[in-house]
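Since we're looking at a predicted model, the values are computed, not measured. The sequence lines fix the lettering, A, B, ..., with proteins before strands; numbering per chain opens at 1.
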Protein chains: 2
Amino acid sequence: MTDPLTQDPPETEEAQAATKQAVFNAAERLFALHGFQNVSVRDITAEAGVNLASVNYHFGSKDALLFEIFRRRTSELNRERARMLHEAGARHGGKPPVRDILEAYFAPPLRWGSPDHDRRISVQFIIRARSEGNAEMREVLRNDVSHLERFANALMAARPDLPKEDVYWRLHFVLGMVHNNRFAEFDRLHHLSGGITREGDVDALLKRMLDFAEAGFSA
Amino acid sequence: MTDPLTQDPPETEEAQAATKQAVFNAAERLFALHGFQNVSVRDITAEAGVNLASVNYHFGSKDALLFEIFRRRTSELNRERARMLHEAGARHGGKPPVRDILEAYFAPPLRWGSPDHDRRISVQFIIRARSEGNAEMREVLRNDVSHLERFANALMAARPDLPKEDVYWRLHFVLGMVHNNRFAEFDRLHHLSGGITREGDVDALLKRMLDFAEAGFSA
DNA sequence: GCTCGCGTCGAACGTCTGTTTGAACGCGAA
DNA sequence: TTCGCGTTCAAACAGACGTTCGACGCGAGC
């Protein structure tokens, strides 16, 4: 836990108020665990051990706080995905195969979301934001399109034989596979299978997902 | 629109109070469109054109109303899926192939969720319930397991060569594909593809999904 | 014709919500 | 020491919320 608030965007002030950081972390945790609407400003400030007014003082409003967490975590995740896609391109002379493209999209949230990983909460937060998000947040997700476009283009380059329409639809299916990785869904799977599915083994899960998605893309 | 409230469970009273039905329909519509937490009892009763107290009088509480809608729509959907699975079994001597099993799971929500279909709102309601649901509703979804088990068993019978663990995981991926069919997701896909993906053609979409999922299962 | 019970009504209740206020505090600079 | 500024604090605000209450209308049964 090395200062997840300031580790990434170069804050103007090196030493941010400890209160602000405590609010940020507590809010992310509670939102990820219980949902946005089920967490009050009082819950957040109590968890953070700070005064009630801190949220409005440091972030302006509850929504603005939520949005700031969302924006930061989303950009972190997308940056990592773009990085892996770029690396895959470098490895294959600018035209990575389908499997490597999908891996660039799957791996970051899967690894970060694995148990005992620092960013597990952040990933859960992002997943929750996708379904409970504000109109404002959905607007950002729409600009996500520019990010998704890179993956769509890479896929079309890898499969020039496939009609574009098919590529888009299959990408849509693939997104569904990823976004379904919530606590509740894993729980149900674990319960359904009688406990033979282990969520912990991230690499094995990644391999399973890639096998499935790659085969789907090659239909 | 032929009395969707009484068409299915044999109500004790033939002529239910028109108020109760109006509340039921208005609540389902508003919940499906705006989410549970974003719709107040006052919104519902205003939309239904009835008195504020009607919700508590007829259903006990807002949560109970929500739960009743959820339970009814879920059981309707699951019954249709089970029916199609049974039919597929009858067609193939009790051992339907993977594609027919998946179709029994995909087709009902897809058809009912298509534009201009009576049950489009109900499907959207169910999808929303899956992510925003109560603890109580998640409990029901856990009993959904008995429903899912039929599909898991059918899949294991169709692919006895595949380790059970793999079947469960791939079923999990397939569920993700289905649950991703929300308004917002379609919107993003439509926007991303520049409008070449048409949501309206349900049969074509079903075929695409089956192609993808069947190939994934045969990996 | 009277009464009983169901359904509906307007009005209010208590609680929880996000936000605002103004005073107090801590601390480095003058 | 004094000033000024950024931060924290307890307290209160106004509104929205789900729910409850008592009265009223009205058709059925005795």
Side-chain angles (χ1 to χ4, degrees), chain A residues 3 5-6 11-31 33-70 128-129 132-137, chain B residues 3 5-6 11-31 33-70 128-129 132-137:
Chain A
D3 195 353
L5 184 66
T6 57
E11 303 280 356
T12 53
E13 288 302 314
E14 174 88 6
Q16 265 286 3
T19 298
K20 183 170 184 178
Q21 197 175 119
V23 167
F24 188 99
N25 291 337
E28 180 177 32
R29 208 182 94 84
L30 292 180
F31 283 150
L33 259 54
H34 307 111
F36 301 154
Q37 317 255 26
N38 300 320
V39 173
S40 70
V41 177
R42 285 167 178 80
D43 293 333
I44 297 169
T45 52
E47 168 100 355
V50 302
N51 185 267
L52 170 62
S54 302
V55 166
N56 292 278
Y57 179 79
H58 285 287
F59 296 91
S61 70
K62 181 192 179 184
D63 279 348
L65 160 62
L66 197 148
F67 188 66
E68 182 162 335
I69 302 174
F70 168 72
R128 213 175 256 275
E132 301 178 29
N134 219 340
E136 194 182 12
M137 293 166 72
Chain B
D3 194 351
L5 185 66
T6 59
E11 301 282 353
T12 53
E13 288 301 316
E14 175 87 6
Q16 265 286 0
T19 298
K20 183 171 183 178
Q21 196 175 120
V23 167
F24 188 100
N25 290 337
E28 179 178 31
R29 207 182 95 84
L30 292 180
F31 283 151
L33 258 54
H34 306 110
F36 301 154
Q37 317 256 21
N38 299 321
V39 173
S40 69
V41 176
R42 284 166 178 81
D43 292 333
I44 297 169
T45 52
E47 168 100 355
V50 301
N51 185 267
L52 170 63
S54 303
V55 166
N56 292 277
Y57 179 78
H58 285 287
F59 296 93
S61 71
K62 180 191 178 185
D63 278 348
L65 161 61
L66 197 148
F67 188 66
E68 181 162 334
I69 302 174
F70 168 72
R128 213 175 257 276
E132 300 178 31
N134 220 340
E136 194 182 9
M137 294 167 73

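Within residues 33-49 of chain B, the residues that have a heavy atom under 4.0 Å from DNA chain C are, in order of number, B:Arg42.
Between the P atom of C:dG18 and the NZ atom of A:Lys62 lies a distance of 4 Å, rounded to the nearest Å. Taking atom CG of residue B:Asn56 and atom C1' of nucleotide C:dA11, one finds them 15 Å apart after rounding to whole Å. Between the CZ atom of B:Phe67 and the P atom of D:dG18 there is a distance of 19 Å, given to the nearest Å.
Residues satisfying the ring pair (Phe, Tyr, Trp, His ring centres under 6.0 Å) test with A:Phe31, not counting sequence neighbours, are A:Phe36. Residues meeting the side-chain hydrogen bond (donor to acceptor under 3.5 Å, both in side chains) test with B:Gln37, sequence neighbours left out: A:Asn38. In terms of the side-chain hydrogen bond (donor to acceptor under 3.5 Å, both in side chains) criterion, residue partners of B:Ser40 (sequence neighbours excluded) are, by chain and number, B:Asp43. For the ring pair (Phe, Tyr, Trp, His ring centres under 6.0 Å) test, no residue two or more places apart in sequence or in another chain qualifies with B:Phe67.
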Are there any protein N/O atoms within less than 3.5 Å of an N/O atom in nucleotides 22-29 of chain C, and if so, which ones and at what distance?
none

Listed pairs, N/O of protein and of nucleotides 4-8 of chain C, under 3.5 Å:
from  : atom 1 : to      : atom 2 : distance (Å)
C:dG7 : OP2    : B:Tyr57 : OH     : 2.7
C:dT8 : OP1    : B:Thr19 : OG1    : 2.3
C:dT8 : OP2    : B:His58 : NE2    : 2.8

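Nearest heavy atom pair, residue B:Val39 against residue B:His34, reads CG2-CB, 3.9 Å. Nearest heavy atom pair, residue B:Ile44 against residue B:Leu65, reads CD1-CD2, 4.2 Å.
Judged as a salt bridge (Lys or Arg N to Asp or Glu O under 4.0 Å), not a single pair has a partner in residues 49-61 of chain A (not counting sequence neighbours). Screening residues 44-60 of chain B for salt bridge (Lys or Arg N to Asp or Glu O under 4.0 Å), with sequence neighbours left out, gives B:Arg29-B:Glu47.
For the pair A:Lys20/A:Phe24, no side-chain contact is recorded, criterion being any heavy-atom separation below 4.5 Å from C-beta on. Put simply, the side chain of B:His58 reaches to within 4.5 Å of the side chain of B:Thr19, judged on heavy atoms.
The 5' end of DNA chain C is approached more closely, in terms of each residue's nearest nucleotide, by B:Leu52 than by the other of B:Leu52 and A:Val55.
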